[in-house]
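A short write-up of the structure that comes next.
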Amino acid sequence: MTDGTRPEEPLADVPARSGRHAVVIGGGIAGVTAALALADAGVRVTLLEGRPRLGGLAFSFRRGDLTVDNGQHVYLRCCTAYRWFLDRIDGTALAPVQNRLDVPVLDVTKPEGRRLGRLRRDALPVPLHLGRSLAAYPHLSLADRVRVGRAALALKGLDLTDPALDEQDFGSWLAAHGQSARAVEALWDLVGVATLNAVAGDASLGLAAMVFKTGLLSDPGAADIGWARVPLGELHDRLARKALDSAGVRTEIRTRATSVSSNGNGGWSVQVPGEHLDADAVVLAVPQREAHDLLPDGALDAPQRLLGICTAPILNVHVVYDRTVLTRPFFTALGSPVQWVFDRTEASGLKEGQYLALSQSAAQDEIDTPVAVLRERYLPELERLLPRTRGAAVKDFFVTRERTATFAPAPGVGRLRPGARTKAPGLYLAGAWTATGWPATMESAVRSGVGAARAALGGLGRSRELLPDFLGEAA
Ligand SMILES: Cc1cc2nc3c(=O)[nH]c(=O)nc-3n(C[C@H](O)[C@H](O)[C@H](O)COP(=O)(O)OP(=O)(O)OC[C@H]3O[C@@H](n4cnc5c(N)ncnc54)[C@H](O)[C@@H]3O)c2cc1C
């Protein structure tokens with residue numbers, strides 16, 4: 001029941017902190033956030049995580065001398081909640097944001113060779129901050145660039161609170177707004193596939209509009225990209241655990257909750273192998289399918305809707321070369337199956353050569369492809385994109401597959417995503433898949449965790465003053 005760093009003691013024997021006890025089930029980013037927020041508000045908290053580590057879908061593991069992330073993760077400057085989380089766990093300096101949006105886009109569509117373009121921003125007000133970069137973007141014709149500008153302005157005018165947006169697909173909207181197949185490939189999908197984990201035709205217009213409006217059309221710096229310069233586990237496991245410990249949260253890893261039921265005294269009983277925990281409030285911060293299985297009868301009007309929230313895969317291809325083959329921290333590609341490529345050398349602890357991670361989103365077609373086939377496909381692609389790989393030796397090649405990386409942001413998904421409150425008093429939901437308005441991201445996970453803590457504190461009659469307020473909900 002313990003991770004070996006603490007003396008054995010029964011779970012029920014939690015050090016007294018306040019009269020009210022909350023159990024958070026699930027130690028992903030949403031659960032860690034909820035636990036921290038509740039503890040910060042003075043509630044006694046127990047956090048249960050089934051796996052041997054915290055961090056959920058954003059974690060690291062060892063492979064020989066390398067520390068490998070299960071998948072490259074990035075966030076944007078506009079991710080105020082995740083940035084709060086990084087601050088709260090003392091991790092901001094380890095996952096800095098670039099000074100100014102700058103995305104190298106390498107096009108190998110044409111047989112005559114590679115062409116580099118940049119998506120950059122200037123220090124000008126929105127939407128002029130992108131104007132110069134778009135005007136000079138070599139991967140689109142002049143006519144396409146003008147039409148992209150018009151579509152961006154139309155997107156800016158969409159009302160994100162209109163539920164009808166979620167029923168339409170983004171691809172049809174782009175086509176109706178004059179976007180060519182090339183503009184979709186070279187711009188909209190370039191950003192959209194990585195942030196939504198779906199191509200435009202499979203994505204809800206509501207979610208796509210939210211991403212593009214918030215990221216590209218709200219504040220000039222909103223889309224500046226941040227990413228961890230250390231393994232994800234350093235942030236979401238080690239530093240998160242440290243913050244939880246200092247906040248007085250009792251964290252139990254390798255501890256799966258098997259049921260949640262009423263304890264007959266107006267509270268809840270959470271069953272873990274061998275014993276149960278009594279709680280005044282329970283936050284279920286587990287994936288939607290597990291939440292469906294743990295929710296007691298009557299907690300949601302239509303619990304089967306949770307099962308309608310489908311998932312989408314992300315594949316990461318990892319290649320270690322014997323020498324430096326890429327001189328930028330990352331780039332993205334056009335005209336190649338390669339999507340985004342990140343240099344993970346330093347973060348992984350590699351001492352010689354270079355380690356690249358290829359992040360392949362919306363990977364339905366490749367998620368079950370054997371490693372040998374992926375190797376045959378991706379190494380020649382890297383040779384087309386990065387000439388220096390041609391003489392380099394491949395020291396290691398492996399893949400990580402996350403079949404349920406995100407919820408599928410399909411049209412209509414918004415109706416299925418529940419809020420933090422259930423019909424059962426004292427029982428709350430968190431997770432990137434809940435109704436945060438965001439696609440399945442670390443930002444959504446943190447927002448959901450704070451939202452669940454806010455609802456739980458209200459139910460416990462405790463002050464919510466200390467909670468971060470990302471959306472002005474505090475009132
Ligand atoms: C490869 C990949 C790349 C990604 N890239 C990005 C990116 O670039 N940017 C970004 O913002 N997001 C990205 N994401 C998405 C992001 O990782 C997730 O949205 C976020 O981590 C979800 O957090 P969560 O806490 O909601 O859920 P989860 O991480 O799923 O956490 C749920 C936790 O609950 C635990 N659990 C389940 N059942 C039980 C039980 N019965 N008892 C106890 N514990 C239980 C699980 O073990 C898990 O730890 C990516 C995801 C993947 C997989």
Side-chain angles (χ1 to χ4, degrees), residues 23-35 46-60 68-76 78-79 81-83 85 95 193-197 211 215 225-228 232 235-237 240 251-260 270-273 277 282-295 311-318 330 339-340 342 357-363 367 399-407 409 429-434 436 438-449 451-452:
V23 171
V24 178
I25 304 176
I29 293 170
V32 171
T33 301
T46 304
L47 173 63
L48 305 175
E49 167 54 49
R51 294 189 184 137
R53 49 160 179 77
L54 300 175
L57 285 164
F59 70 97
S60 311
V68 176
D69 287 349
N70 67 316
Q72 176 65 44
H73 278 63
V74 305
Y75 68 99
L76 304 181
C78 62
C79 293
Y82 182 66
R83 286 173 53 213
F85 177 84
V193 169
T195 46
L196 294 160
N197 200 17
V211 164
I225 298 176
W227 68 97
L232 288 174
L235 299 172
H236 303 148
D237 186 14
T251 303
E252 294 293 340
I253 55 172
R254 296 192 178 89
T255 305
R256 261 196 112 62
T258 51
S259 75
V260 178
V270 177
Q271 190 67 44
V272 295
L277 289 159
V282 172
V283 176
L284 275 179
V286 298
Q288 60 268 35
R289 180 164 287 278
E290 283 84 341
H292 173 271
D293 294 349
L294 285 170
L295 275 172
T311 55
I314 298 178
L315 178 81
N316 271 238
V317 174
H318 309 257
F330 69 91
Q339 294 179 11
W340 290 69
F342 279 80
L358 282 57
S359 177
Q360 303 291 114
S361 299
I367 196 68
V399 300
T400 45
R401 306 171 199 267
E402 291 289 354
R403 290 180 175 75
T404 58
T406 68
F407 70 82
L429 293 172
W433 56 276
T434 59
T436 61
W438 282 73
T441 49
M442 301 185 288
E443 175 72 8
S444 182
V446 175
R447 282 175 183 253
S448 77

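Start at 1 and go down the list; that is how both ligands and their atoms are numbered. Along the sequence shown, residues carry numbers from 1. Model, not experiment: these values are computed from the prediction.
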Contact atoms of ligand 1, heavy-atom distance to G56 under 4.0 Å:
29 (O), 31 (O), 48 (C), 49 (O)

With a 4.0 Å cut-off on heavy atoms, is L54 touching ligand 1?
no

Could you pull out all residues at least two apart from T311 that satisfy side chain to side chain donor-acceptor pair (under 3.5 Å)?
none

Counting non-hydrogen protein atoms only, what is the nearest one to atom 27 (O) of ligand 1? Give residue, atom name and distance.
L57 CD1, 4.6 Å

Give a yes or no on whether atom 34 (O) of ligand 1 lies under 4.0 Å from any heavy atom of the protein.
yes

Residues in salt bridge (Lys or Arg N to Asp or Glu O under 4.0 Å) with E443, at least two apart?
R447

What is the nearest protein non-hydrogen atom to atom 15 (C) of ligand 1, stated with its residue, atom name and distance?
A440 O, 3.6 Å

Are any of the N or O atoms of A257 closer than 3.5 Å to those of ligand 1?
yes

Would H236 count as a contact residue for ligand 1, given that I'm defining contact as a non-hydrogen atom of the residue lying under 4.0 Å from a ligand atom?
no

Counting heavy atoms not belonging to R289, are there more than 12 under 6.0 Å from its CZ?
no

Would you say I29 and ligand 1 have an N/O pair spaced under 3.5 Å apart?
yes

Judging by distance only, is a nitrogen or oxygen of G71 under 3.5 angstrom from one on ligand 1?
no

Using a 4.0 Å cut-off to any heavy atom of E290, which atoms of ligand 1 qualify?
38 (N)

Please find the pair of heavy atoms, one from V32 and one from G27, that lie closest to each other, and give the distance.
CG2-O, 3.6 Å

Atom 17 (O) of ligand 1 [closest protein heavy-atom partner, distance rounded to 0.1 Å]:
H73 NE2, 2.8 Å

Could you tell me the residue and atom name of the protein heavy atom closest to atom 44 (N) of ligand 1, and the distance to it rounded to 0.1 Å?
G50 N, 3.1 Å

In this structure, atom 45 (C) of ligand 1 is nearest to the protein heavy atom V286 CG1, 3.7 Å

If you count the atoms of ligand 1 from 1 in the order shown, which ones are under 4.0 Å from a heavy atom of A445?
23 (O), 26 (O)

Among all protein heavy atoms, pick the one closest to atom 31 (O) of ligand 1 and tell me residue, atom and distance.
G28 CA, 3.4 Å

Identify the heavy atoms of A240 and H236 that sit nearest to each other, and give their distance.
CB-O, 3.3 Å

Would one find an N or O of A432, backbone or side chain, under 3.5 Å from an N or O of ligand 1?
yes

Atoms in ligand 1 flagged as close to L48, the criterion being non-hydrogen separation under 4.0 Å:
43 (C), 44 (N)

Closest protein heavy atom to atom 25 (O) of ligand 1, given as residue, atom name and distance to 0.1 Å
A30 N, 2.9 Å

Do any N/O atoms on L294 end up under 3.5 angstrom from N/O atoms on ligand 1?
no

To which protein heavy atom is atom 38 (N) of ligand 1 closest, and what is the distance rounded to 0.1 Å?
R256 NH2, 3.3 Å

Min N/O separation M442 to ligand 1 under 3.5 Å
yes

Subset of ligand 1 atoms that lie under 4.0 Å from at least one heavy atom of T255:
43 (C)

Measure from atom 19 (O) of ligand 1 to every heavy atom in T441, T33, T406 and give the option owning the shortest one.
T441

Can you find an N or O of E49 that's nearer than 3.5 Å to an N or O of ligand 1?
yes

Which of the numbered atoms in ligand 1 are under 4.0 angstrom from any heavy atom belonging to Q72?
3 (C), 5 (N), 8 (O)

